[in-house]
Structures are given as structure tokens and as C-alpha cells.
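Have a look at the structure below before the remarks.
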Amino acid sequence: MLGPPGSGKGTQARIISELYGVPVVTTGDMLRDAVARGTEHGRVAKGYMDRGELVPDRIVNMVVQERLSMPDLGAGFILDGFPRSTAQADALDRILKERGLRLDYVIHVTLGDEAIAARLGNRRSCPACGAVYHLESKPPKAAGVCDECGSGLILRDDDQPEVIRHRLEVYREKTRPLLERYEGAGIIREVPGDCPLDELPRLLRKILG
Ligand code: AMP
């Protein structure tokens with residue numbers, strides 16, 4: 001899944017996961033989990049994440065390499081939020097080659113900056129199970145409480161307005177250029193980030209076959 005922060009990559013990844021029964025590997029969630037557990041990687045990652053910077057490639061690549069070697073991913077997986085830099089795309093190429101795997105699709109989720117800012121500012125996330133809500137378009141049943149697991153919902157530190165702006169710059173500079181890399185392979189599929197939620201399953205099925 002490739003697209004700016006707040007474009008709806010995570011939501012689409014979850015839908016694809018349900019449609020095709022393949023797990024999602026979400027580097028943002030894995031890093032947030034490492035921060036919450038206070039691991040060595042988590043301690044280094046926290047500062048970068050709070051500022052809206054990319055966590056150093058060395059750390060992210062290690063975390064991903066470890067996750068991708070787990071047995072539940074044998075039948076395929078969805079990468080949400082990785083790769084985000086050229087060095088990460090190189091690492092992914094190496095990992096896939098080692099395992100005899102290939103990328104089937106790169107889903108490019110598109111959305112304009114204004115829509116992104118509105119979306120992220122109204123986003124509320126569950127720190128326990130990763131569920132994501134929107135105060136207007138997808139509010140939780142009880143204010144501030146996760147429908148799925150009952151935990152308290154939060155506005156992520158990196159969803160604050162000035163950090164959002166910086167995350168968009170980082171996306172444009174470091175991540176967006178990866179589209180050129182995958183263009184030649186003919187595997188990019190564009191999905192509008194503002195497609196209504198109830199139409200997404202049909203659209204994604206049409207695109208992915
Ligand atoms: P996300 O939830 O995908 O928006 O990620 C939240 C934050 O985690 C990002 O702003 C980065 O600081 C960090 N992060 C997630 N994935 C990566 C990645 N592939 N490379 C570097 N940093 C990442």
C-alpha cells in the first residue's frame with residue numbers, strides 16, 4: 001500500500017485482508033507497539049515518530065525482515081506503510097528474492113492535502129487493537145471508546161496539525177518517488193482515497209481480480 005499519510009491505506013489494507021484472507025503487516029503499528037513496550041528499537045523510534053520523520057531504515061528493515069520470516073505469512077501478505085524509502089525498497093527486493101516471492105500489486109492510494117489534513121485531525125485511534133475512527137464519518141458508538149475492544153481512543157501525537165504537514169513533506173520527498181520504481185513493472189493500481197467505504201470492497205475486488 002503506497003500513499004500519503006491519512007489517505008486511507010490502512011482501511012483499504014484491512015478490507016483486502018478480509019477479502020483475500022491475507023494478513024496485513026503494518027510498520028506503523030509494529031513501531032508503535034515497540035514504543036509502547038519500551039524495547040530498544042522503540043526507544044530510538046519514538047523521537048522520529050513524534051516529529052513525523054521516518055524511523056531510520058536500518059531499524060525498520062530489521063523489524064520487517066523479522067516479521068516476514070514468520071510462518072503465518074507463507075500464503076502472502078499486504079505491506080501497509082512499507083517501503084517508504086529507496087533503501088527500504090531495496091531491502092524488500094532482497095527479502096522477496098531470498099524467499100522466491102514477488103510483488104503482485106502496488107496499490108497507490110491517492111488523496112489531496114486538504115482532505116488529508118481534515119481526515120487526520122479528526123482521526124481517533126485505538127492504541128490497544130489498532131482500530132481507527134473518524135469523528136464525523138466513522139465515530140465510535142460511545143464517545144472516546146473503541147467499539148472493538150473497549151479501550152480509550154487517542155489522537156496520535158503525530159496527527160497534530162504541524163506534524164501532519166511535515167509527514168506530508170516527508171512522503172513527497174522520500175516515499176512518492178518509489179512509484180517511478182514500480183511503474184515499469186506495470187503493477188501499480190490507483191485507488192481514490194475518498195472512495196466511500198461501502199464501495200471499497202467491490203472496487204478492490206475489481207482491481208485485484
Ligand atoms: P503510519 O501509521 O504508517 O503513518 O506511521 C507512523 C510513523 O511511524 C511514521 O510517521 C514514521 O515515523 C514511522 N514509520 C512507519 N512506517 C515506517 C517506515 N516504513 N519507515 C520509516 N518510518 C516508518
Side-chain angles (χ1 to χ4, degrees), residues 1-14 16-17 23-68 77-96 103 106-111 113 115-134 153-179 181-182 193:
M1 311 298 302
L2 204 66
S7 57
K9 296 190 296 294
T11 302
Q12 295 198 16
R14 280 179 184 231
I16 298 171
S17 168
V24 188
V25 174
T26 307
T27 46
D29 285 349
M30 289 158 73
L31 292 167
R32 277 186 288 279
D33 180 60
V35 172
R37 286 187 293 120
T39 66
E40 202 183 318
H41 285 157
R43 281 198 297 274
V44 180
K46 185 175 187 324
Y48 292 94
M49 295 173 78
D50 287 348
R51 292 191 301 274
E53 302 277 351
L54 292 186
V55 173
D57 292 324
R58 186 180 57 82
I59 292 181
V60 179
N61 287 345
M62 250 188 303
V63 169
V64 170
Q65 169 123 30
E66 208 173 285
R67 177 69 185 97
L68 294 191
F77 46 85
I78 302 158
L79 289 169
D80 172 19
F82 181 92
R84 256 165 147 121
S85 68
T86 304
Q88 292 181 18
D90 289 343
L92 178 60
D93 281 350
R94 274 198 306 278
I95 296 171
L96 293 177
L103 280 181
V106 173
I107 309 284
H108 177 207
V109 186
T110 56
L111 198 65
D113 285 4
I116 288 170
R119 201 178 260 190
L120 291 183
N122 281 322
R123 179 156 85 170
R124 294 295 179 275
S125 309
C126 176
C129 76
V132 179
Y133 301 86
H134 185 277
L153 299 176
I154 56 160
L155 173 69
R156 281 167 38 180
D157 288 343
D158 59 348
D159 283 344
Q160 309 287 345
E162 60 298 346
V163 185
I164 292 173
R165 266 194 297 281
H166 188 55
R167 287 165 69 201
L168 286 171
E169 280 163 22
V170 171
Y171 173 76
R172 266 192 287 275
E173 188 192 327
K174 305 239 166 85
T175 308
R176 206 175 191 288
L178 295 182
L179 285 169
R181 178 183 184 120
Y182 298 117

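Counting begins at 1 with the first residue of the sequence. Counting starts at 1 for both ligands and their atoms, following the listed order. Small disclaimer: the values here were computed from a predicted structure and weren't measured.
Summarising the contacts of atom 11 (C) of ligand 1 with Arg32, Met30, Glu53, the nearest heavy atom is found in Glu53.
Residue Leu54 has at least one heavy-atom neighbour below 4.0 Å for each of these atoms of ligand 1: 21 (C), 22 (N). The Gly81 neighbourhood of ligand 1 comprises atoms 16 (N), 17 (C), 18 (C), 19 (N), with distances under 4.0 Å to a heavy atom of that residue. For ligand 1, the atoms lying closer than 4.0 Å to a non-hydrogen atom of Val60 are 18 (C), 19 (N), 20 (N), 21 (C). Taking every heavy atom of Gly28 and a limit of under 4.0 angstrom, the matching atoms of ligand 1 come to 2 (O), 5 (O), 15 (C), 16 (N).
Among protein heavy atoms, atom 20 (N) of ligand 1 sits closest to Gln88 NE2, 2.8 Å. Met49 CE, 3.4 Å is the protein heavy atom nearest to atom 8 (O) of ligand 1. Regarding atom 4 (O) of ligand 1, its nearest protein heavy-atom neighbour is Arg167 NH2, 2.9 Å. The protein heavy atom nearest to atom 16 (N) of ligand 1 is Thr27 OG1, 2.8 Å. Scanning the protein for heavy atoms near atom 18 (C) of ligand 1, the closest one is Arg84 CD, 3.4 Å. Scanning all protein heavy atoms for the shortest distance to atom 13 (C) of ligand 1 gives Leu31 CD1, 3.7 Å.
Using a 4.0 Å cut-off between a side-chain N of Lys or Arg and a carboxylate O of Asp or Glu, Arg167 and Asp159 qualify as a salt bridge. At a threshold of 4.0 Å, the pair Lys174-Asp57 does not count as salt-bridged, since none of the basic side-chain nitrogens sits closer than that to a carboxylate oxygen.
Enclosure of atom OH in Tyr182 by more than 12 non-hydrogen atoms of other residues, nucleotides or ligands within 6.0 angstrom is indicated. Atom CZ of Arg181 sits in a crowded spot, with more than 12 heavy atoms from other residues, nucleotides or ligands closer than 6.0 Å. No more than 12 heavy atoms of other residues, nucleotides or ligands shown are found within 6.0 angstrom of CD on Glu40.
With a heavy-atom cut-off of 4.0 Å, Val55 touches ligand 1 through backbone and side chain alike. Residue contacts with ligand 1, taken as heavy atom pairs separated by less than 4.0 Å, do not involve Asp29 at all. Only the side chain of Arg156 comes within contact range of ligand 1, with a heavy atom under 4.0 Å; no backbone atom does.
Between the side chain of Arg123 and the backbone N or O of Arg119 there is no donor-acceptor pair closer than 3.5 Å.
Between the CZ atom of Arg165 and the CD atom of Gln160 there is a distance of 11.5 Å, given to the nearest 0.5 Å. Within the model, atoms NE2 of His41 and CZ of Arg58 stand 6.5 Å from one another, a figure rounded to the nearest 0.5 Å. Between the CG atom of Asp80 and the CD atom of Gln12 there is a distance of 10.0 Å, given to the nearest 0.5 Å. In this structure, the separation between CD1 on Ile164 and CG on Leu120 is 4.5 Å, given to the nearest 0.5 Å.
For a threshold of 3.5 Å applied to N or O pairs, the pair formed by Pro83 and ligand 1 contains no separation below that value.
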